[in-house]
Amino acid sequence: MQEEEIETHLAELGQELQEMGLQRPIRILLVGGAFMLTQIKNRQATDDIDVLLKDVEDSTTPWLYQTFKAAIRSVARKNKLSAIWLNDVIGDFLRDLGNVPEGKLWRKYDKLEVYLPPEEYILSLK
């Protein structure tokens, strides 16, 4: 994915969440290659979008997590994307490292809010 595609797919995800009737936005922290591409501009493309879910967890909010995953699958089907075009697996790893930053709001897409950690945080992970 290139930068424009990342933003387009995130916008579609936010719209899908809106159409699913969510009352409050889902907040994600953008990390990995998508962060490097959109913020540092050190590459042309990335295979997926790595995110940390800020207030959605599989164990404590299973219905919200399942809604989020259903919206991701819907965007994947509509755009012929890999099922893991948006990947939250890194979230557990980052939480285990401790001290995940709150981040700064970067974009709002209907019921999706995308936050950015400080550059130093991402660079320390590399």
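- Considering every non-hydrogen atom in both L37 and R43, the closest pair reads CG-O, 3.8 Å.
- At least one side-chain heavy atom of M36 sits less than 4.5 Å from a side-chain heavy atom of I122.
- We find the CG-CG distance between L52 and D92 to be 8.5 Å, quoted to the nearest 0.5 Å.
- L53 and M20 end up in different hydrophobic clusters when Ile, Leu, Val, Met, Phe, Trp and Tyr side chains are linked at under 4.5 Å.
- Distance alone, capped at 3.5 Å, places no donor-acceptor pair between the S74 side chain and the A70 backbone.
- Two residues are said to be in side-chain contact when any heavy atoms from C-beta on lie closer than 4.5 Å; D50 and F35 fail this criterion.
- Here CG of L112 is found 10.0 Å from CG of L22. Values are rounded to the nearest 0.5 Å.
- Across every non-hydrogen atom of S82 and A76, the tightest pair is O-CB, 3.8 Å.
- Distance check, rounded to the nearest 0.5 Å: CG of L116 to NZ of K104 gives 8.0 Å.
- From L81, atom CG reaches atom CD of E12 across 8.0 Å, with rounding to the nearest 0.5 Å.
- Following chains of ILVMFWY side-chain contacts shorter than 4.5 Å, one can reach F93 starting from Y121, so the two form part of one hydrophobic cluster.
- In terms of modelled atom types and a separation under 3.5 Å, the side chain of K80 and the main chain of R77 share no donor-acceptor contact.
- With hydrogens and angles ignored, the 3.5 Å screen pairs no side-chain donor or acceptor of Q66 with any backbone N or O of W63.
- Minimum heavy-atom separation, A71 to L13: CB-CD1, 3.5 Å.
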Query raised in the report: Can you list the steps and then say if R107 with E7 is a salt bridge (Lys or Arg N to Asp or Glu O under 4.0 Å)?
Result: CA-CA 9 Å; R107 299 276 193 271; E7 292 206 47; 3.0 Å; yes

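- Taking 4.5 Å as the limit, every side-chain heavy atom of V75 sits out of range of all side-chain heavy atoms of L10.
- Partners of E102 by salt bridge (Lys or Arg N to Asp or Glu O under 4.0 Å), not counting sequence neighbours, listed by chain and number: R27, K54.
- More than 12 non-hydrogen atoms from other residues, nucleotides or ligands lie less than 6.0 angstrom from CG of N42.
- To the nearest 0.5 Å, atoms CG (L30) and CD1 (I6) are separated by 7.0 Å.
- Of all heavy-atom pairs spanning I49 and A34, the tightest one is CG2-CB, 4.0 Å.
- By the 4.5 Å heavy-atom criterion applied to side chains, W85 and D48 are not counted as neighbours.
- Applying the salt bridge (Lys or Arg N to Asp or Glu O under 4.0 Å) criterion to K108, with sequence neighbours excluded, gives no partner residue.
- The closest side-chain heavy-atom distance from V89 to I84 is not below 4.5 Å.
- Between K111 and L17, the closest heavy-atom pair is O-CD1, 3.7 Å.
- Counting heavy atoms from C-beta on, the side chains of R24 and D55 come closer than 4.5 Å.
- The shortest distance between side-chain heavy atoms of I40 and E119 falls below 4.5 Å.
- Residues Q44 and Q2 approach most closely at O-CG, 3.5 Å, considering heavy atoms.
- Partners of D88 by salt bridge (Lys or Arg N to Asp or Glu O under 4.0 Å), not counting sequence neighbours, listed by chain and number: K69.
- Within the model, atoms CD1 of I72 and NE2 of H9 stand 13.0 Å from one another, a figure rounded to the nearest 0.5 Å.
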